[in-house]
Amino acid sequence: MPTILGQNQYGKAENRVVKITRDGDTHHIKDLNVSVALSGDMDDVHYSGSNANVLPTDTTKNTVYAFAKEYGIESAEQFGIHLARHFVTSQEPIHRARIRIQEYSWERIATSDNNSKFIGSDEVNHSFARKGQEVRTTQITYDGESWQVISGLKDLTVMNTTNSEFWGYVKDKYTTLKEAYDRILCTDVAAAWRYNWTSDGDRMPNWEKSYAQAKKHILQAFAETYSLSLQQTLYQMGSRVINSRSEIDEIRFSLPNNHHFLVDLEPFGLKNETADGAVYFAADRPYGLIEATVLRDGIEPQIPVDMTNL
């Protein structure tokens with residue numbers, strides 16, 4: 001039976017680029033992991049091996065580094081837009097570019113005060129520590145006419161030590177879980193939100209401010225929601241972002257429920273009650289996994305249900 005070629009793309013994945021900007025003695029870091037995927041008139045290379053339309057993946061790698069120097073990195077989104085536009089507009093066979101970026105954050109190390117005995121301690125602005133928090137993500141897709149920007153974060157671990165319950169659920173002969181009226185709620189937030197900016201003719205969002213504000217609303221909603229289920233908390237987090245940020249139309253979450261179980265201390269003659277400050281066993285697996293999309297009313301979803309590769 002004859003075969004035909006289906007969807008295809010190629011590029012250079014996980015190009016690690018670190019850009020240092022020097023503002024006098026004060027330095028700034030942008031630390032990115034950039035993956036490029038290109039598609040277009042690529043039938044011949046698959047059918048006959050002809051590379052006539054193929055821009056080498058090594059060239060895409062070099063472009064990432066050259067653009068970091070030539071244009072700088074204002075934001076992950078802006079850098080991805082520069083790259084996507086370049087590949088589609090400079091290479092006729094390439095019709096679509098997808099740029100995926102992970103950004104790793106660094107924070108400045110606080111140095112001693114001006115009265116320190118160490119010479120120059122009050123002048124150090126070039127020392128950093130890698131933040132042990134979230135990884136920022138973005139995916140830029142461009143087909144020569146329209147843009148799709150899906151940004152977000154992952155590995156942001158949050159915990160509420162109270163104001164969380166879980167009871168009134170379905171029970172059958174396999175149910176052993178006890179109802180909880182004061183429990184720990186802990187999760188590793190993975191979120192992806194889609195911007196409604198799609199055209200060069202429209203005003204572009206302030207990417208840095210938008211990211212910071214979206215993260216702020218996610219954290220505030222998590223902290224301020226008295227939770228009867230992680231699903232309820234998820235919806236409040238998503239609604240807070242949609243209602244507060246007009247440039248975002250859709251947000252999807254994947255939230256593992258990082259279970260914390262009360263340790264049985266009765267064998268040691270000890271009571272372990274939440275009201276007294278309890279001791280918990282933190283179980284890393286198995287875990288409940290809660291996923292959902294929150295949309296602005298009237299908007300069709302576009303973020304993939306499976307966010308594994310976002």
Side-chain angles (χ1 to χ4, degrees), residues 9-23 26-39 55-91 94-108 128 130-131 133-156 191-215 245 247-248 303 307 309-310:
Q9 60 195 33
Y10 79 102
K12 188 72 81 175
E14 301 202 34
N15 301 282
R16 286 300 310 277
V17 55
V18 176
K19 176 66 169 67
I20 306 299
T21 300
R22 296 192 174 197
D23 181 12
T26 301
H27 297 183
H28 306 274
I29 297 177
K30 280 292 188 178
D31 185 352
L32 307 183
N33 188 24
V34 182
S35 294
V36 177
L38 309 175
S39 56
L55 183 71
T57 63
D58 189 67
T59 303
T60 67
K61 175 202 71 176
N62 294 340
T63 305
V64 170
Y65 292 111
F67 270 43
K69 179 61 176 177
E70 184 175 359
Y71 298 106
I73 302 175
E74 177 184 322
S75 67
E77 287 85 356
Q78 189 65 55
F79 189 62
I81 288 168
H82 277 311
L83 288 169
R85 190 192 308 276
H86 166 77
F87 290 124
V88 172
T89 59
S90 67
Q91 302 293 326
I94 296 174
H95 300 163
R96 183 176 182 268
R98 187 197 68 201
I99 312 296
R100 285 178 174 167
I101 300 177
Q102 296 177 334
E103 179 176 347
Y104 310 106
S105 298
W106 295 78
E107 59 187 354
R108 208 173 299 280
F128 301 83
R130 172 81 173 267
K131 283 187 179 180
Q133 297 185 25
E134 84 279 4
V135 175
R136 179 174 171 177
T137 62
T138 191
Q139 175 176 290
I140 315 295
T141 306
Y142 181 55
D143 62 6
E145 294 183 0
S146 62
W147 297 90
Q148 183 189 70
V149 180
I150 299 175
S151 295
L153 54 83
K154 63 180 181 178
D155 301 331
L156 177 61
W193 52 85
R194 180 173 57 83
Y195 289 97
N196 49 37
W197 178 78
T198 60
S199 170
D200 285 320
D202 298 331
R203 183 178 179 182
M204 192 179 295
N206 182 323
W207 305 113
E208 296 290 274
K209 179 180 178 181
S210 183
Y211 176 84
Q213 289 294 309
K215 177 186 172 184
R245 304 306 305 173
E247 73 274 20
I248 297 172
I303 298 176
M307 299 198 306
N309 292 317
L310 275 182

Distance-only, no hydrogens or angles: does the [X] side chain make a donor-acceptor pair with backbone N or O of [Y] under 3.5 Å?
X      : Y      : result
Asp143 : Arg96  : no
Tyr71  : Ala66  : no
Ser210 : Trp207 : no
Trp197 : Ser199 : yes

Do the side chains of [Y] and [X] get nearer than 4.5 Å, heavy atoms only?
X      : Y      : answer
Gln139 : Thr141 : yes
Ile150 : Trp193 : no
Val34  : Val17  : yes
Asn33  : Ile101 : no

Any chance you could measure [X], atom [atom1], to [Y], atom [atom2], to the nearest 0.5 Å?
X      : Y      : atom1 : atom2 : result
Leu55  : Lys12  : CG    : NZ    : 11.0 Å
Thr63  : Asp58  : OG1   : CG    : 9.5 Å
Ile81  : His86  : CD1   : NE2   : 15.5 Å
Asn206 : Glu247 : CG    : CD    : 9.0 Å
His28  : Lys19  : NE2   : NZ    : 10.5 Å
Gln102 : Ser35  : CD    : OG    : 7.5 Å

Residues, nucleotides or ligands: over 12 heavy atoms within 6.0 Å of Glu74 CD: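 Counting other residues, nucleotides and ligands, CD of Glu74 stays at 12 neighbours or fewer.
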Heavy-atom neighbours of Lys209 NZ exceed 12 at 6.0 Å: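 Check fails, neighbour count at 12 or below.
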Least distance between heavy atoms, [X] atom then [Y] atom:
X      : Y      : answer
Ala68  : Ile73  : CB-CD1, 4.2 Å
Gly80  : Ile99  : O-CG1, 3.7 Å
Glu208 : Ser75  : OE2-CB, 3.1 Å
Gly11  : Thr60  : C-OG1, 4.5 Å
Leu156 : Gln133 : CD1-OE1, 4.5 Å
Ala76  : Thr138 : CB-CG2, 3.9 Å

Partner residues of Tyr142 under the ring-ring contact (aromatic ring centres under 6.0 Å, His included) criterion, sequence neighbours left out: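 For Tyr142 the ring-ring contact (aromatic ring centres under 6.0 Å, His included) partners, ignoring immediate neighbours, are Trp147.
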side-chain contact (heavy atoms from CB on, under 4.5 Å) assessment of Thr137 paired with Leu153: CA-CA 5 Å; Thr137 62; Leu153 54 83; 5.5 Å; no
Full working for side-chain contact (heavy atoms from CB on, under 4.5 Å) between Phe79 and Val64: CA-CA 9 Å; Phe79 189 62; Val64 170; 4.2 Å; yes
Electrostatic pair Arg85-Asp200, nearest N-O below 4.0 angstrom: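 Looking at Asp200 together with Arg85, the answer is yes, because their closest N to O distance falls below 4.0 Å.
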Working for salt bridge (charged side-chain N to carboxylate O under 4.0 Å, His left out), residues Glu77 and Arg136: CA-CA 10 Å; Glu77 287 85 356; Arg136 179 174 171 177; 2.7 Å; yes
Residue list, side chain to side chain donor-acceptor pair (under 3.5 Å) with Glu103, at least two apart or on another chain: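 Only Lys30 meet the side chain to side chain donor-acceptor pair (under 3.5 Å) criterion with Glu103.
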Glu134 vs Lys215, salt bridge (charged side-chain N to carboxylate O under 4.0 Å, His left out): CA-CA, chis, key distance, verdict: CA-CA 10 Å; Glu134 84 279 4; Lys215 177 186 172 184; 3.1 Å; yes
Residue pair Tyr104, Arg16: steps toward the side-chain contact (heavy atoms from CB on, under 4.5 Å) verdict: CA-CA 10 Å; Tyr104 310 106; Arg16 286 300 310 277; 3.8 Å; yes
Which residues share a side chain to side chain contact (heavy atoms under 4.5 Å, CB included) with Phe128, sequence neighbours left out: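 Only His27, Ile29, Trp106, Arg108 meet the side chain to side chain contact (heavy atoms under 4.5 Å, CB included) criterion with Phe128.
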Donor-acceptor side-chain pairing of Thr198 and Gln148 below 3.5 angstrom: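 Looking only at side-chain atoms, Gln148 and Thr198 do not form any donor-acceptor pair under 3.5 Å.
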Residue pair Tyr211, Ser151: steps toward the side-chain contact (heavy atoms from CB on, under 4.5 Å) verdict: CA-CA 8 Å; Tyr211 176 84; Ser151 295; 5.6 Å; no
